[in-house]
Amino acid sequence: MAQTVTPLTNGFPYDGIIYGWLLTDGSLLYQGGLLQDFYRFKPDSSGSYLNGTYHLAASLPPNYVPYATSGGVLPDGRVLLIGGEYTTRKAVTHGAYHLVFDLTNKMAVYDPVKDTWTMVAPPAGWNFIGDSPWTLLANGHLLLGQKLTKRMAELDPKTLTWTDVSSFGKDDRFAEEGFTLLPDDSVLTVNM
């Protein structure tokens with residue numbers, strides 16, 4: 001009960017925030033409520049977030065507008081946005097955008113230095129990903145489980161290439177589960 005919440009001096013984006021990641025430089029990257037828009041929030045020169053400022057960051061490529069995704073900050077400071085349980089589509093009759101359940105296998109990596117998004121190929125043969133579980137491994141690679149199967153793949157963030165790995169011992173699919181890296185470098189997931 002001793003903690004307090006203090007509003008930021010410079011507010012937030014008008015369309016809200018869906019997800020956010022703390023980047024290695026101390027700034028934050030947020031997905032805005034329109035799903036394709038992203039914002040960077042930087043602390044002030046003394047390191048205070050209270051007086052920090054935000055500005056519009058690069059948007060995702062127009063063919064990838066996801067909601068309910070996976071991914072996170074890579075060891076080199078880039079952000080990998082993986083899949084999406086939903087994507088947006090423009091309705092033919094009304095021209096408005098709406099969410100479509102499709103478990104997309106698309107993904108993109110954000111470079112905070114260049115302020116750019118670049119599409120990344122999914123693991124070979126993965127036609128869907130959605131909001132699959134992932135974790136960073138002790139070797140700096142990213143481990144990803146496929147949402148509706150027991151398949152797993154490991155991403156080398158330097159080359160952005162995937163390698164299939166064994167999920168031996170997994171009794172069911174990875175739907176609505178998570179991965180946690182343990183101190184002994186093993187990965188914990190719970191059969192649901």
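All figures in this text were calculated on a predicted structure; none of them were measured in a lab.
- We find that K147 and E176 are joined by a salt bridge, their nearest charged nitrogen and carboxylate oxygen being less than 4.0 Å apart.
- L80 and F179 sit in two unconnected hydrophobic clusters of ILVMFWY residues. Membership requires side-chain heavy atoms under 4.5 Å apart, directly or through other members.
- Residue pairs satisfying the salt bridge (Lys or Arg N to Asp or Glu O under 4.0 Å) criterion with at least one member in residues 5-29, sequence neighbours excluded, are listed as follows: D25-R40.
- The side-chain heavy atoms of L136 and H141, taken from C-beta on, include no pair separated by under 4.5 Å.
- A salt bridge does not link K158 with D156: none of the charged nitrogens is closer than 4.0 Å to a carboxylate oxygen.
- For the residue pair N139 and E154, a side-chain donor N or O sits within less than 3.5 Å of a side-chain acceptor on the partner.
- L81 is listed as a side-chain neighbour of F38, based on a closest heavy-atom distance under 4.5 Å.
- Side-chain atoms of T116 and D111 form no donor-acceptor pair, as typed in the model, at a separation below 3.5 Å.
- In this structure, the side chains of L23 and L28 stay at 4.5 Å or more apart for every pair of heavy atoms.
- Shown here is Y67, whose OH atom has no more than 12 heavy atoms of other residues, nucleotides or ligands within 6.0 Å.
- In this structure, N105 has no side chain to side chain donor-acceptor pair (under 3.5 Å) partners at least two apart in sequence or on a different chain.
- Atom CZ of R151 is separated from atom OG of S167 by 10.0 Å, given to the nearest 0.5 angstrom.
- Linking ILVMFWY side-chain heavy atoms closer than 4.5 Å, directly or via other members, places V65 and F101 in a single hydrophobic cluster.
- The backbone N or O of N63 lies less than 3.5 Å from a partner atom in the side chain of K106, making a donor-acceptor pair.
- We find the OG1-CH2 distance between T69 and W134 to be 10.5 Å, quoted to the nearest 0.5 Å.
- When atom types are taken as modelled, the side chain of Q31 and the backbone of I17 share no donor-acceptor pair closer than 3.5 angstrom.
- Not less than 6.0 angstrom separates the ring centroid of Y30 from the ring centroid of Y54.
- Proximity of Y49 to D44: side-chain heavy atoms (C-beta onward) are nowhere separated by under 4.5 Å.
- Looking at heavy atoms from C-beta onward, K170 lies in side-chain contact with E177 at the 4.5 angstrom threshold.
- At a threshold of 4.5 Å between non-hydrogen side-chain atoms, the residues L142 and T135 do not count as touching.
- Residues forming a salt bridge (charged side-chain N to carboxylate O under 4.0 Å, His left out) with D115 (at least two apart in sequence, or on another chain): none.
- Residues T87 and D102 bring a donor and an acceptor atom of their side chains to less than 3.5 Å of each other.
- For the pair L74/V109, a side-chain contact is recorded, criterion being any heavy-atom separation below 4.5 Å from C-beta on.
- Looking at heavy atoms from C-beta onward, L56 lies in side-chain contact with Y39 at the 4.5 angstrom threshold.
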